[in-house]
Amino acid sequence: MLTQAPKGTKDILPRDTHKWNFVESVFREICERRGFAEIRTPVFEYTELFSRGVGETTDIVQKQMYSFADYDGRGLTLRPEGTASVARAFLEHKLYAEPQPSKFAYEISCYRHERQQKGRQREFHQFGVECFGSADMLADAEVIALAADFFAALGVRGVELRVNSIGCPACRGGHREALRAFLSPKRDALCDTCKTRFDRNPMRILDCKSPVCGELVKGAPSMLDYLCDACREDFAALRRNLDALGIAFEVDAGIVRGLDYYTKTAFEFVSNRIGAQGTVCGGGRYDHLIEELGGPPTPGVGFGLGIERLLLLMEAEDARIPPAKGADAYIAYLGEGAKLAGLGLLRRLRAAGLRAEMDGPARNLKGQLKRADRLGARFAIVIGEEELAANAALLKDMVSGEQRRVARDEILSALAADFRERKE
RNA sequence: GUGGGUAUCGUCAAGCGGUUAAGACCCAGGGUUGUGGUUCCUGUAUGCGUGGGUUCGAUUCCCACUACCCACCCCA
């Protein structure tokens, strides 16, 4: 038990961290170029933030939150998602007084008590962006484009963009009634969960994966037919914007977000290559969230993008991830005098910005070169009795196998010349 | 919360009632005291997830538990 990470959590080991660093650096660059500035918020928040923000009736709030009382008796919760925290920070620091819209980007860990499976953990990580203060569909298109550009920059091909409009509170009511009227005669045939959805949130039935419900739902009134004029025009504008940006998409009336704060635009980037949890990125518009949290009416749009799922997808696609960088130089030595001379050299190489390594206790030369090889060292520097006496060292190119003797003081410039050559 | 599957060395695994518990990879050491990635040799599980049973005997059969995986649900 002591040697086991909690259920649903995973260590990210040194052999994998370069992959994380890679996608992180690409994400940062993409966001920076579009003016989405990084924001960092706490891992936990007061519980009410999520129950109000995410919605009392959602699964997340009802049964998935890691909530606890601290020593002062305050109810705290490990964040199950990112948007609520960013919205809170936006209000707390009155960022709405700054030039609008405000655009944020972040990378966070999230916590949800779920039964784990492929692509679903209890602690997971996501990239996210939020854009507050613009009701224009240009913002939605920009947010979607950012995700699309991110996938493209990583060379990820197997994701499809699905977009939908789930309307605003005004038009959703009409659709709900129409849906109930349509399904009412078939109610008994619905699957058990959908029977309960019928009263609570009939829209979810459209999204049910059971083949029975899928059949029953055929021909059901689509939300898209019940959009009010404003929502319909916005949805059309979004599609025009995406076309103008050259972003391929599919309208999918089945896309329904599981968090209460969403309005109008809902979208997902999905893949069928990473198991049942195919949504790599999901987001949409939330025009009433800020108000719900007690702020001035402020529209917003954003997404969350699952990093574990992204990495799963990249693995499935054999996407190119730059390999971890090996050492630049490895110093091998024979004898105590050579060891000390090597130590001095080691420090100079590092000061010059190289990744240089040397080990003790000494193995034989063969063992040391083997070690250099394992470390992916570009060069081995051998200092033995002869070299020590001559104030020199053997510089061995680990790729070509060539080696030559150079004065110890000139190793740095010899290496510098070589690294420069290879760069050109 | 509900199903189903799997549990033998760091990893991938063979064994399916009586074996010194294969093999491969990895790792460590070595091939006559100075050369890696190739090759050759050597070494590494008193142990088969945990606890009970059945049996003369259990890694092999039965039960329970636990963990992991996959799916439902939900979502990133």
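Chain A is the first sequence line, chain B the second, and so forth, proteins listed ahead of strands; every chain is numbered from 1. Predicted, not measured: the structure shown is a model, and the values here were computed from it.
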A.B. asks: Are A:Gln368 and A:Tyr330 linked by a side-chain donor-acceptor pair shorter than 3.5 Å?
C.D. replies: no
A.B. asks: Has the side chain of A:Arg374 got a donor or acceptor that lies under 3.5 Å from a partner of the other kind on the base of B:C26?
C.D. replies: no
A.B. asks: Would you say the side chain of A:Asp373 and the base of B:G37 hold a donor-acceptor pair, judged only by whether the two atoms sit under 3.5 Å apart?
C.D. replies: no
A.B. asks: Is there a donor and acceptor pair closer than 3.5 Å between the side chain of A:Gln64 and the base of B:C73?
C.D. replies: no
A.B. asks: Over all strands shown, is A:Val270 touching base, sugar-phosphate only, or nothing at heavy-atom distances under 4.0 angstrom?
C.D. replies: nothing
A.B. asks: What's A:Cys110 touching, base or sugar-phosphate or nothing? Going by heavy atoms closer than 4.0 Å.
C.D. replies: nothing
A.B. asks: Taking only Lys NZ, Arg NE, NH1 and NH2, and the carboxylate oxygens of Asp or Glu, determine whether A:Arg34 and A:Asp149 approach each other closer than 4.0 Å.
C.D. replies: yes
A.B. asks: Taking only side-chain nitrogens and oxygens of A:Arg120, does any of them come within less than 4.0 Å of OP1 or OP2 of B:C69?
C.D. replies: no
A.B. asks: Tell whether A:Glu114 reaches the base of B:A76 with its side chain through a donor-acceptor pair below 3.5 angstrom.
C.D. replies: yes
A.B. asks: Hey, does the side-chain of A:Lys396 have a donor or acceptor N/O within less than 3.5 Å of a partner on the base of B:U35?
C.D. replies: yes
A.B. asks: With no hydrogens and no angle check, just 3.5 Å: does a side-chain donor-acceptor pair link A:Glu123 and A:Thr9?
C.D. replies: no
A.B. asks: Any carboxylate oxygen within less than 4.0 angstrom of a Lys/Arg side-chain nitrogen, looking at A:Glu402 and A:Arg404?
C.D. replies: no
A.B. asks: Is A:Lys118 near enough to B:C70 that one of its side-chain N or O atoms lies under 4.0 angstrom from OP1 or OP2?
C.D. replies: no
A.B. asks: Between the base of B:G31 and the side chain of A:Lys366, is there a donor and acceptor pair under 3.5 angstrom?
C.D. replies: yes
A.B. asks: Could you state the atom-to-atom distance from CG of A:Leu365 to P of B:G37 in whole Å?
C.D. replies: 13 Å
A.B. asks: Is there, by distance only and without an angle test, a donor paired with an acceptor across the side chain of A:Gln368 and the base of B:G34 below 3.5 Å?
C.D. replies: no
